[in-house]
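This report refers to the structure that appears directly beneath it.
Every heavy atom of this structure was used, including side-chain atoms; hydrogens, water molecules and symmetry mates were not. Below, chains carry the letters A, B, ... as their sequence lines are ordered, and counting in each starts from 1.
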Amino acid sequence: MPELPEVETIRRAITPQITGSRISGITGSPPTLEPGLTVFWTWIEDRRIEGTSRHGKYLFAGLDSGSSLVFHLGMTGDLLLVSEDDPVPPYTRAMVSFIDGSRLAFTDPRRFGRLGWVPDRDDVIRAKRLGPDALAIQAEELAPILQRSRQKMKFFLLDQHKLAGIGNIYADEILFQAGVHPLREAASLTPDQAARIQPSMQDILRTAISLEADFDQYPGSWLIPHRAPGERCPVCSGEVDRVMIAGRFTYFCPSCQE
DNA sequence: CTCCATGTTTAGAA
DNA sequence: CTTCTAAACATGGA
């Protein structure tokens, strides 16, 4: 489950358990992050996890050596804590074991997820040229990035170089709540629209995280519960529209978004 | 069988 | 260089 709120929810779920734990072994091998981000056992052997962090959709586990394990959950990745005698969860691609007997399973049916190791956490942000984290960015920081881009807004929000953490579902939600058409050019937003992007984005991400990214609990006033052909806009009751942008379906309300 | 899926990368076209 | 399309990756579910 992998957009920013899902990754953050997973991070919060595993952090208390793995922080302070010493790694005793790692088995399995999902494809590693490239380039130069290969996991080598000797670099994490007997290391203690000091804490976790996140940038966009990347999740980091900081080690006492200063280096970090890097997780990207792809489309279907998940991290599950299991105890010593628990069975290995289905679709487990890698398993990190700790000396206290607990284990962290990296499950991923579709195998798009990646696991790697880096000397420094920021190496990933540099190598992937990630933009600012979508949850942390401030309005004053976003304004000039918006103004300098001629991308259509849907492309803009999905572009991890501009802003890190937004995927297909939340991009649509942000545009819906900000009242912006997905094909609107970033630099051409009205001042009011431009000013609404960051607050809408932050409110949506915060709310989603507080609800542990459980779609079933999302407000009926959001677009997310209405992402289906024939559904009606929760604001104006008009029919939601669906177009293919960047190879993915984009849902929006043609009368509320311009 | 067909279509679709919360992501990223890459080759190639304007 | 920038923007965008299509395809590829691998797999399950409707």
Side-chain angles (χ1 to χ4, degrees), chain A residues 1-11 28-37 54-59 70-79 89-94 106-116 124-131 133-135 144-176 182-188 201 204-205 207-209 211-218 222-231 242-252:
Chain A
M1 351 162 15
E3 284 185 53
L4 190 154
E6 288 77 17
V7 177
E8 179 64 15
T9 297
I10 291 168
R11 188 186 74 80
S29 52
T32 52
L33 294 156
E34 294 296 342
L37 306 180
R54 182 193 54 72
H55 188 101
K57 302 169 191 170
Y58 287 85
L59 176 55
V70 190
F71 299 89
H72 191 292
L73 304 179
M75 200 88 107
T76 54
D78 199 1
L79 295 173
Y91 307 113
T92 295
R93 309 302 181 190
F106 185 167
T107 64
D108 184 17
R110 216 168 148 184
R111 296 178 187 267
F112 286 163
R114 295 290 183 269
L115 166 58
V124 176
I125 298 169
R126 276 190 290 271
K128 303 293 180 183
R129 304 200 336 249
L130 299 178
D133 181 75
L135 182 61
I145 305 178
L146 269 174
Q147 246 169 349
R148 271 190 264 104
S149 173
R150 290 190 320 209
Q151 280 174 308
K152 306 277 193 286
M153 280 306 292
K154 181 62 186 273
F155 285 103
F156 180 91
L157 291 174
L158 291 177
D159 188 346
Q160 305 297 300
H161 305 307
K162 299 283 192 308
L163 209 57
I166 305 300
N168 197 41
I169 302 284
Y170 292 94
D172 287 359
E173 191 64 45
I174 292 162
L175 293 172
F176 173 69
L183 291 176
R184 192 65 181 281
E185 219 176 73
S188 83
M201 178 165 69
I204 290 162
L205 296 177
T207 302
I209 292 166
L211 295 173
E212 299 180 310
D214 180 357
F215 280 28
D216 293 340
Q217 290 188 55
Y218 288 179
W222 280 22
L223 178 66
I224 287 177
H226 309 285
R227 292 179 67 86
E231 282 284 320
R242 185 180 82 163
V243 294
M244 189 72 89
I245 303 178
R248 14 245 321 238
F249 279 125
T250 294
Y251 290 86
F252 66 103

Gap between atoms [atom1] and [atom2], on [X] and [N] respectively (whole Å):
X	N	atom1	atom2	result
A/R242	B/dA5	CZ	C1'	12 Å
A/M153	C/dT3	CE	C1'	15 Å
A/I245	B/dA5	CD1	C1'	17 Å
A/M244	C/dA7	CE	P	11 Å
A/R150	B/dA14	CZ	P	18 Å
A/I145	C/dT2	CD1	C1'	16 Å
A/L73	B/dT6	CG	C1'	11 Å
A/F249	B/dC3	CZ	P	11 Å

Are any of the side-chain heavy atoms of [X] and [Y] separated by less than 4.5 Å?
X	Y	answer
A/L175	A/F252	no
A/D172	A/L157	no
A/R114	A/F71	no

Does [X] place a side-chain N or O at less than 4.0 Å from the phosphate oxygens OP1/OP2 of [N]?
X	N	value
A/R248	B/dA5	no
A/H72	B/dT8	yes
A/K152	C/dT3	no
A/K128	B/dT9	yes

Please check this pair: side chain of [X] against backbone of [Y], looking for a donor-acceptor N/O pair closer than 3.5 Å.
X	Y	value
A/K57	A/I166	yes
A/H55	A/G165	no
A/Q160	A/L158	yes
A/R54	A/G56	yes
A/N168	A/F249	yes

Could you go over nucleotides 11-14 of chain C and give all protein N or O partners under 3.5 Å, atom names and distances?
unit_1: C/dT11; atom_1: OP1; unit_2: A/R111; atom_2: NE; d: 2.3
unit_1: C/dT11; atom_1: OP1; unit_2: A/R111; atom_2: NH2; d: 3.4

For this session: Mind listing the residues from residues 155-167 of chain A sitting with a heavy atom below 4.0 Å of DNA chain C? Number order is fine.
Result: A/F155, A/K162
For this session: Provide the distance between the two P atoms, one in B/dC3 and one in C/dA6, to the nearest whole Å.
Result: 16 Å
Problem set entry | Residue closer to the 5' end of DNA chain B, A/Y251 versus A/Y58 (nearest nucleotide) | A/Y251
Problem set entry | Distance-only donor-acceptor check, side chains A/Y170 and A/E6, under 3.5 Å |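 Judged by distance alone, the side chains do pair up.
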For this session: Toss me the dot-bracket line for DNA chain B: Watson-Crick and G-U wobble, both under 3.5 Å, 5' to 3', using | for pairs to another strand and [ ] for crossers.
Result: .||||.||||||||
For this session: Is it possible for you to check whether A/R227 lies under 6.0 Å from the centre of the six-membered ring of A/Y251, through NZ or CZ, and within 45° of that ring's axis?
Result: no
Exercise. A/F112 stacking on B/dT8: centroids under 5.5 Å, ring planes under 30°?
Worked result: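 Not stacked: fails the 5.5 Å / 30° test.
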Exercise. Which distance, rounded to the nearest 0.5 Å, do you find between the CD of A/E8 and the CD1 of A/I209?
Worked result: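 Taking CD in A/E8 and CD1 in A/I209, the distance rounds to 5.0 Å.
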Exercise. Out of curiosity, A/D78 CG to A/Y91 OH, how far, rounded to the nearest 0.5 Å?
Worked result: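 One finds 13.5 Å between CG of A/D78 and OH of A/Y91.
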